[in-house]
Amino acid sequence: MSKIAHYLQEHLAGEVLTSESARNYFSTDASVFEVRPKIIVYPRNTSDVRKTNRFSWQLAERGKILPVTARGKGSDVSGAAIGEGIVLVFPAHMNRLIELDTSKGFARVQPGIIYKNIQNTLHTHGQFLPPYPASLDYSTIGGSIANNTSGEKSIKYGATDAFVRELDVVLANGELIHTLRLSKRELNRKKGLTTFEGEVYRQLDGLITDNWDKIQKFSIKVTKNATGYNLKDVKRKDGSFDLTPLFVGSQGTLGVVTQATMTTAKYNPNTTLISAHFNDLKSAKEAILKLVDMGVSALEMVDKHLLQFVHEHNPQQLKDLVEEPFPEVLLLIEFDDINDRKQKKGVKKAIKALSGLAKEYSVARDEHEREMLWKIRHSVAAIKWHDHDNKRAVPIIEDGIVPKEKFTEYIKGIRDLFEKYKLDVAIWGHAGDANLHVEPFLDLSKVGDRQKVFKIMDDYYELVIGLGGSTSGEHNDGRLRGAFLPALYGDDIYELFKKVKKVLDPYGTMNPGVKVDATREEAIGLLRKEYSVDHLLDHMPRS
Ligand SMILES: Cc1cc2nc3c(=O)[nH]c(=O)nc-3n(C[C@H](O)[C@H](O)[C@H](O)COP(=O)(O)OP(=O)(O)OC[C@H]3O[C@@H](n4cnc5c(N)ncnc54)[C@H](O)[C@@H]3O)c2cc1C
């Protein structure tokens with residue numbers, strides 16, 4: 001064990017590891033990148049996190065950079081849960097539900113709690129956290145907050161940012177702050193502090209005020225966007241100020257979350273699910289545009305290539321559910337209104353909208369029937385696990401989102417791109433948000449395929465940005481998409497992001513190489529020579 005690791009172990013209640021096996025294990029997440037950490041820390045409490053950040057800061061003051069990367073379960077696909085310094089692994093100890101108040105609708109949690117665990121507890125109280133990701137079985141709340149995740153229910157309820165009320169955050173220098181909406185007067189009090197926290201409030205308020213018009217005017221016309229830093233929601237016209245939206249989605253690049261107060265919503269397990277088959281993209285798009293305004297709680301899709309792929313490789317999955325010839329697009333449309341009359345009304349309207357557009361549809365009200373239909377969407381797992389001639393489905397262009405009106409152009413653009421690179425294509429995702437997932441099969445041990453990675457990315461992100469969309473609806477920037485931020489936001493906003501990062505992380509010790517720090521050159525150097533998500537093998541990753 002190095003001198004530094006030994007020093008840390010002497011001061012922390014949690015464990016410190018430097019073994020080869022631990023460093024190897026934490027050198028990958030679910031992205032195509034690999035970065036080997038020097039030290040792994042399992043913090044036992046907030047004090048451990050504070051000491052670790054402070055230690056890293058003090059080293060930086062003496063010119064030595066040993067950065068800190070927070071980590072949940074490492075299911076991040078953007079390469080943001082790996083780092084070359086200290087990796088702070090939360091699920092081991094800081095994994096508790098601290099307080100649950102169902103009458104006031106909130107849950108206070110530690111970041112390392114597995115999403116599914118808190119969700120199961122909430123269900124027993126008739127509540128839930130709506131923006132859960134498909135990876136909820138094997139990912140943490142901390143990861144969700146840091147990535148601003150969303151999922152199948154986000155079309156109705158929004159992304160994670162809509163559910164984070166308050167946060168405890170350990171800043172780069174080890175100071176612990178509590179974020180929530182402050183009145184103008186409370187903000188002024190914060191700005192008067194002589195601490196780093198005071199400096200952060202002073203500088204950020206100045207930056208936001210000076211760039212108010214620029215920040216407010218900038219918009220990407222999509223229903224959700226996990227990229228960049230959310231500056232728009234920090235300061236309001238009434239002068240109130242909240243750092244919470246800034247930390248949500250910041251991928252541990254501005255501070256480390258040690259506690260979160262989440263708003264919960266009423267959960268209704270008695271939903272209605274409609275499955276609708278379409279012969280062409282035009283009809284599917286027309287239906288989507290009508291359905292999004294009907295209060296649907298999910299509007300998901302798979303395309304014919306996905307169905308064909310699953311049929312060939314895992315035929316049992318689709319048995320008795322969808323038959324050949326497969327529809328061009330299959331939509332799953334869910335209504336979850338607690339008021340039964342309202343739910344039925346929604347379903348009736350949806351059926352009316354589908355007639356004339358859908359080739360066929362079926363309505364499932366019974367739990368078993370609904371579960372069977374959801375299997376179609378979840379059969380995407382077959383892609384994640386497919387391994388043929390060392391080719392794996394790699395997440396490099398897996399999360400673009402465009403304005404809904406551009407749904408058909410987007411799908412056609414993706415298909416053209418795959419044809420250009422002579423790759424098989426399959427598309428699935430959140431049709432109601434036009435947030436589509438697609439993963440090319442590549443063998444990263446082959447030079448040709450490695451070179452293709454960045455060419456495909458260039459073409460794809462040009463397509464998405466060209467359609468007025470965002471490079472990521474839910475998976476965030478990380479090392480993968482950070483370099484596309486200037487193209488997405490323009491130089492002015494990008495420079496502002498960099499200034500924000502500098503205010504909160506002056507020495508570059510908070511998860512560097514991610515988001516605004518990311519460069520194409522660095523990404524090329526960090527590309528893995530094989531791709532797998534083997535550390536998630538205990539579960540069945542689906543998307
Ligand atoms: C098969 C598959 C399906 C997926 N489906 C979805 C989906 O439907 N929707 C979606 O949005 N995402 C999805 N993801 C992406 C990923 O699972 C989510 O972003 C998840 O929330 C990450 O949680 P984690 O615990 O694995 O975090 P990690 O991967 O460990 O970390 C993610 C990010 O959070 C930061 N972080 C972790 N803890 C903290 C903390 N305490 N303080 C500050 N920063 C912290 C890390 O530094 C990193 O930047 C999917 C991934 C896979 C592999």
Side-chain angles (χ1 to χ4, degrees), residues 152 154-156 221-223 271-311 318 320-335 344-365 369-370 372-380 400-419 424-438 463-464 466-469 473:
E152 58 203 18
S154 293
I155 178 137
K156 174 169 174 179
K221 304 256 176 304
V222 287
T223 50
T271 58
T272 307
L273 188 62
I274 305 171
S275 134
H277 299 194
F278 296 85
N279 275 335
D280 56 273
L281 291 176
K282 194 167 160 280
S283 315
K285 174 184 152 178
E286 256 183 72
I288 291 165
L289 293 181
K290 286 182 178 173
L291 291 163
V292 287
D293 294 326
M294 292 180 185
V296 292
S297 52
L299 182 42
E300 298 285 297
M301 72 160 271
V302 293
D303 81 341
K304 67 175 173 196
H305 300 294
L306 189 279
L307 293 169
Q308 193 62 46
F309 181 91
V310 178
H311 177 68
L318 299 178
D320 303 328
L321 292 173
V322 215
E323 272 157 25
E324 287 181 285
F326 294 118
E328 181 72 38
V329 173
L330 187 151
L331 290 184
L332 288 177
I333 308 145
E334 187 198 68
F335 288 86
K344 283 195 174 123
K345 210 171 146 195
V347 172
K348 216 170 138 188
K349 271 172 80 180
I351 288 172
K352 202 170 159 206
L354 289 173
S355 56
L357 292 173
K359 181 176 71 155
E360 60 183 82
Y361 63 83
S362 62
V363 183
R365 288 203 173 84
E369 281 171 8
R370 288 194 314 256
M372 293 303 282
L373 284 184
W374 274 121
K375 265 179 72 178
I376 302 173
R377 171 66 172 85
H378 300 156
S379 66
V380 167
I401 180 168
V402 301
K404 305 186 268 298
E405 299 70 28
K406 299 283 171 65
F407 178 79
T408 34
E409 289 95 322
Y410 186 23
I411 292 194
K412 281 183 187 154
I414 293 173
R415 288 181 177 168
D416 288 349
L417 185 109
F418 275 67
E419 204 178 311
D424 291 335
V425 66
I427 302 175
W428 68 96
H430 313 295
D433 295 303
N435 176 206
L436 303 182
H437 301 315
V438 59
L463 167 75
V464 170
L467 288 173

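It should be emphasised that the depicted structure is a prediction, and the values quoted were computed from it without experimental measurement.
For the pair Asp303/Leu306, a side-chain contact is recorded, criterion being any heavy-atom separation below 4.5 Å from C-beta on. Using a 4.5 Å heavy-atom threshold, the side chains of Val329 and Lys285 count as separate. The shortest side-chain heavy-atom distance between Thr223 and Ser154 does not fall under the 4.5 Å cut-off. Within the 4.5 Å cutoff, the side chain of Asp433 has no heavy atoms near those of the Val222 side chain. The closest side-chain heavy-atom distance from Leu281 to Arg415 is below 4.5 Å. Considering only heavy atoms from C-beta on, Ile427 stays 4.5 Å or farther from His305 through its side chain. Within the 4.5 Å cutoff, the side chain of Glu152 has heavy atoms near those of the His378 side chain. Side-chain contact between Phe309 and Asp424 is absent, with no heavy-atom pair separated by less than 4.5 Å.
When all heavy atoms are compared, the tightest approach of Val464 to Ile401 is CG1-O, 3.8 Å. Here the shortest heavy-atom pairing between Lys290 and Leu357 reads NZ-CD1, 4.2 Å. In terms of heavy atoms, Asn279 sits closest to Glu328 at O-CB, 3.4 Å. The minimum heavy-atom distance linking Ala364 with Leu373 is given by the pair CB-CD1, 3.8 Å. Between Ala298 and Trp374, the shortest heavy-atom contact is CB-CH2, 3.9 Å. Ile155 and Gly432 get closest at one heavy-atom pair: CD1-CA, 3.4 Å.
Atoms OG and NE2, from Ser283 and His277 in turn, are 14.0 Å apart once rounded to the nearest 0.5 Å. Between the CE atom of Met301 and the NE2 atom of His437 there is a distance of 10.5 Å, given to the nearest 0.5 Å. Taking CD of Glu369 as the start and CG of Leu321 as the end, the distance is 11.0 Å to the nearest 0.5 Å. Here the CD1-CG distance, from Ile411 to Leu436, works out to 5.5 Å after rounding to the nearest 0.5 Å. To the nearest 0.5 Å, atoms CG (Leu291) and CD (Glu334) are separated by 13.0 Å. From Lys156, atom NZ reaches atom CG of Leu299 across 13.5 Å, with rounding to the nearest 0.5 Å.
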Extract all donor-acceptor atom pairs below 3.5 Å that involve side chains of residues 345-356 and protein atoms in other chains or at least two apart in sequence.
unit_1, atom_1, unit_2, atom_2, d
Ser355, OG, Lys352, O, 2.8

Report task. Kindly indicate, with the supporting measurements, whether the criterion side-chain contact (heavy atoms from CB on, under 4.5 Å) is fulfilled by Tyr361 and Ile333. Result -> CA-CA 10 Å; Tyr361 63 83; Ile333 308 145; over 6 Å; no

**Report entry** Full working for side-chain contact (heavy atoms from CB on, under 4.5 Å) between Arg377 and Val302
**Finding:** CA-CA 6 Å; Arg377 171 66 172 85; Val302 293; 4.3 Å; yes

Query raised in the report: When you look at Phe278 and Leu330, which way does the side-chain contact (heavy atoms from CB on, under 4.5 Å) test go after all the steps?
Result: CA-CA 6 Å; Phe278 296 85; Leu330 187 151; over 6 Å; no

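Remark: side-chain polar atoms of Tyr410 are not paired, donor with acceptor, to backbone N or O of Gly469 under 3.5 angstrom.
Partners of Arg365 under the salt bridge (charged side-chain N to carboxylate O under 4.0 Å, His left out) rule, at least two apart in sequence or in another chain, do not exist in this structure.
Under a cut-off of 6.0 angstrom, the local environment of CD in Glu419 is sparse, with at most 12 non-hydrogen atoms contributed by other residues, nucleotides or ligands.
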